[in-house]
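What follows is one structure encoded as structure tokens, with my remarks underneath.
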Amino acid sequence: MSTNMDLQIIKTNIDQFFLVIMGMCIIFMQCGFAFLEAGAVRSKNVTNILIKNVMDSFVSGIAYWILAMHLPMAMAGKHRNLLYTFAATAATIVSGAVAERCEFIAYFAYSFVITGFIYPVVTHWAWGSGWLVDGHDYGGDIGQIAYQDFAGSGVVHVLGGVCAFIGAALLGPRIGRFQKGSNVIGNLRGHSVPIAALGGFILFFGFLAFNGGSQLTISSEGDGAAVAVSVVNTIISASFAAFGSLIINRLHIFGNTWSLLVTINGALTGMVAACAGCNQMHPWSAAVLGLFAAMSYTLWSTVMKKLNIDDPLDAVAVHFGGGITGVVLIAFLDKDDGILFNWDRKSGLKLGWQFAGLAAIIGWSALFSLLVFGILKCFGVLRVSREIEDKGLDIPKHNEPAYPVEAYGHGHIEKLIQ
Amino acid sequence: MSTNMDLQIIKTNIDQFFLVIMGMCIIFMQCGFAFLEAGAVRSKNVTNILIKNVMDSFVSGIAYWILAMHLPMAMAGKHRNLLYTFAATAATIVSGAVAERCEFIAYFAYSFVITGFIYPVVTHWAWGSGWLVDGHDYGGDIGQIAYQDFAGSGVVHVLGGVCAFIGAALLGPRIGRFQKGSNVIGNLRGHSVPIAALGGFILFFGFLAFNGGSQLTISSEGDGAAVAVSVVNTIISASFAAFGSLIINRLHIFGNTWSLLVTINGALTGMVAACAGCNQMHPWSAAVLGLFAAMSYTLWSTVMKKLNIDDPLDAVAVHFGGGITGVVLIAFLDKDDGILFNWDRKSGLKLGWQFAGLAAIIGWSALFSLLVFGILKCFGVLRVSREIEDKGLDIPKHNEPAYPVEAYGHGHIEKLIQ
Amino acid sequence: MSTNMDLQIIKTNIDQFFLVIMGMCIIFMQCGFAFLEAGAVRSKNVTNILIKNVMDSFVSGIAYWILAMHLPMAMAGKHRNLLYTFAATAATIVSGAVAERCEFIAYFAYSFVITGFIYPVVTHWAWGSGWLVDGHDYGGDIGQIAYQDFAGSGVVHVLGGVCAFIGAALLGPRIGRFQKGSNVIGNLRGHSVPIAALGGFILFFGFLAFNGGSQLTISSEGDGAAVAVSVVNTIISASFAAFGSLIINRLHIFGNTWSLLVTINGALTGMVAACAGCNQMHPWSAAVLGLFAAMSYTLWSTVMKKLNIDDPLDAVAVHFGGGITGVVLIAFLDKDDGILFNWDRKSGLKLGWQFAGLAAIIGWSALFSLLVFGILKCFGVLRVSREIEDKGLDIPKHNEPAYPVEAYGHGHIEKLIQ
């Protein structure tokens, strides 16, 4: 066999190796989401949130395989198997926002629609051969300009965040969260900080694969460097976002404490924001991006509370807030043609395309998630009964209390009680 | 240096890189097993099950290094270091089935024998240069036919499942599990659903490496594609098995609830079943396989209860049930010469060899695990005393209660009690 | 493009791929440390220890990027991004030793100084272009001899261990740990064995990347083999250290129980000891090393208690104890010029350089950590007040109890109480 063919074989193989290992790490993010969410709910709803997260991977596996396979458009562009792993992420964002009150059957409905329809269409637009990836040819010095979204700040996270917003709004808040005619917000604390922190750590790990893996190949010139830059920028953005959130929350108006959960959410927001252009940024731009992400997180978290929309995980603030920060700021921070580096008509048009992409993604996902959640609400299968919500979903729906009392003893609780 | 030598060096290196990273992920499966098992036992036995799982990796490390090193036969075929990681899996399957009542010293005995003897011999047969890998030359159009077991549905999982069955049967059920003259089965619930789910998620991740890594090389033509196909088929099989199990368990006769633990076990069964031929299947075959795996899991789980054999983890149903499904069905579903695609003498003989392999593996592992567990039972070192079982193993054996009551307080339990 | 250039591109890319994936796994070790530490503290201090571990990655990200970027010396030698991940490890070792009583603001101070100054200087000495990496040219048959520390037994772990020792000594023991005029040691048990075990498992996984990844490249001749050897030796050393610790602790004088936590710490000590020369050892040398590591762990753990220095995690015993074992024993066990293989002036000088390196690292890190912790103590910001220590740090400092009592119920604790 000729050396050239040999080389080609190696290139093909290491690309596939790269995608497999990155894809595995992205699938593992599902575990991260599961525990971030499980720690943030009360003990009576833990099994319910876990089964949703377990099923997310498998629902996406089936939905993507059955539905998206017949949408040939989604196949172009990004590697199909990696897209599947991203689909699960989009669906899982929603499960956080609708936690502790959503019917199990409604969960199946929206997951299938998001992973099998809403999301594949947007990937076609932005990563396949659709209008967002094509952009428009402005001729002359400017040339082709298109929507830029390397790892999906918009395609995955804004989309998921919008669906989460609609879902949470149509479901209504959990009992005890908001009191009519009062500004006091019920703090329905999650049941386990370590479980939530475990989820956060796993997501920090997985996000590096999410953003690094979006390069899709490792065999061509510059691939390795691009992957490394993406990973480093993701870390820097997360670091500054974590610090920013920690400090903002330490201010008096936000409660004057060093909050772990806010720090974790802040870091995640920084990673979400990095998705759009972590491959096209200087490290200091990533630092700036992280600080903006921290502010965006705090802003959207506050907005949600003002709107009396109950999002137990702050999923909208993290994913929608981080996503739009990333999509918009890359038009300023792109090291080649960002507005800060090159203020001309070209970079202005670029910003325009980012807004166009955002508008399309928000409009599309809002429309169809309104439809899905609206229909489910009309048929009365969106929200569990008040009685079940009070009692918790684990025992009535799953007959699996997360911590069955009869399984404890001998050194644990009895001693205390005696 | 010539280009050809350079190419050869790169090929060697990326193969080793591939094996190292896959091996690491497979070793991490040990963590998955540990938590799946820890969540499924009562709080009084958590430390005991965890130390067994921690030691599994290290016992295998030593046993495989000392014993198997001197069994040169085991060295051929599959890469030795990867085999070591598979050995730990075989041993760990057993610890689930004998949980909450097995002596610590008995654990050491059976682990050493399984990882250092029972398992290496079978790997020699099926993956080294033994009779199962050689098969038989039927001449003419048919040619060589041999036992097919890509990632070890039989070699690892049926073997582990048989040892688990024998161990659980000889140990007898936990106190309170089965009542004489009654069909009511005591539901000795595990103490923590999230801990079990964590184990499940980690195993989902690790299994992709287990099945994908079994390709062993990544540098030759088609390797990358084979690895990707294996991983995708493993996911599809798991997805359909998870759904299948979830739905079957939702039926009235099985309790009418959406069970998380059943879903996790179902998905794992689907992955176990995929081991045998995930590299040689169409996606839809993997879907079919997953559905059969779900049924096999339910069947074997029921059989175990009917036999009054107490398997706290359903390890036999997952590994034995999934393993035989995989070994047998690949004779039907193999895309080249499976019975469904090519019904002739060749595919019939192939099925015969799958049965021969199964019979050999079951016979061999049954014989020696009977011997090991039998001897341990004769010497009275197999099962802890009734008193210790009642009290839990953690304090008498390890002096490390999993959740020491004196370590809690200040915002947790006291408030409630006051 | 010529084949040679193509080859060069592939080599560059797979090297970067290797560093990215190994770096990701090393970053994930932060999760391992977090949970090892969280399980080992009481429930009232869990959020506090977790936020420190979450911030470690991000503090290192910022410190290393801002400070070390301007120390060009640190850039040479080892790959910069991998160094960052090692920096986080050095800082995190300290957080274990000072757990449950250290001020949050003091944590920031020492973390920045360690990751931004103490550690980068040592990496320059030993891995960059400093005096330890240069060594001395003895001429003749002997030639250049230098300090050997492949993955940082000394550079990372002895350094971290010394800072941990100084920090714990200056802070003083937790309330209730040591009684004046009594030899009875208060056993302030950690609150969750499974959480600690989770941390251990993750560290076992991450350490393989830590040691294997220290090869830094995968594209040159012998790289793959070196990485594989490093990983295998790390596993063997850990296996024997785990067994050794388990057995030593089973002896009557140490309590006569099978301790899980000791086994985990023992295995980690074996891995720490393997850092220095896992790429230059025969497997049986790794076994010997593991046994010495087990003894060193027990020794240093005992010494710390005798000195009445309170190290809740045994971090000093694991990292300092394991680190010096590794640095010293590699002079005996190196397969090319270790004293056991080649007793001559060369191997003697080699041992001398190992001691010189140790002395320099210990002196340097002791000096500056004394300075940092001393200054913090003078200003009264090192240790929390007695009242807060009693109450636990989580509520006063973070307003986030790890297990908020109001989040539990319905099947968990109430039933028991009623």
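Reminder, nothing fancy here: chain letters follow the sequence lines and each chain counts from 1.
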Nearest non-hydrogen partners of [X] and [Y], listed with the distance:
| X | Y | result |
| --- | --- | --- |
| His191(C) | Pro404(B) | O-CD, 3.7 Å |
| Met55(B) | Thr263(C) | SD-CG2, 3.4 Å |
| Ala197(C) | Leu50(B) | CB-CD1, 3.9 Å |
| Ala407(B) | Gly190(C) | CB-O, 3.7 Å |

Are [X] and [Y] side-chain neighbours, meaning at least one heavy-atom pair lies under 4.5 Å?
| X | Y | answer |
| --- | --- | --- |
| His398(B) | Val262(C) | no |
| Ser259(C) | Glu400(B) | yes |
| Phe243(C) | Val59(B) | yes |
| Ile21(C) | Phe17(B) | yes |
| Phe204(C) | Val54(B) | yes |
| Phe35(B) | Phe201(C) | yes |

Nearest 0.5 Å please: distance from the [atom1] atom of [X] over to the [atom2] atom of [Y].
| X | Y | atom1 | atom2 | result |
| --- | --- | --- | --- | --- |
| Ile9(B) | Asp223(C) | CD1 | CG | 9.5 Å |
| Leu188(C) | Glu406(B) | CG | CD | 9.0 Å |
| Lys11(C) | Ile14(B) | NZ | CD1 | 12.5 Å |

Report which part of [X] has an atom under 4.5 Å of a heavy atom belonging to chain C: side chain, backbone, both, or neither.
| X | answer |
| --- | --- |
| Ile195(B) | side chain |
| Thr47(B) | both |
| Leu198(B) | side chain |

Atom group of [X] that falls short of 4.5 Å from chain B, counting heavy atoms:
| X | value |
| --- | --- |
| Leu208(C) | both |
| Ile218(C) | both |
| Ala225(C) | both |

Asn399(B) side chain to Thr257(C) main-chain N or O, any donor-acceptor pair under 3.5 Å?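 It does not hold such a pair.
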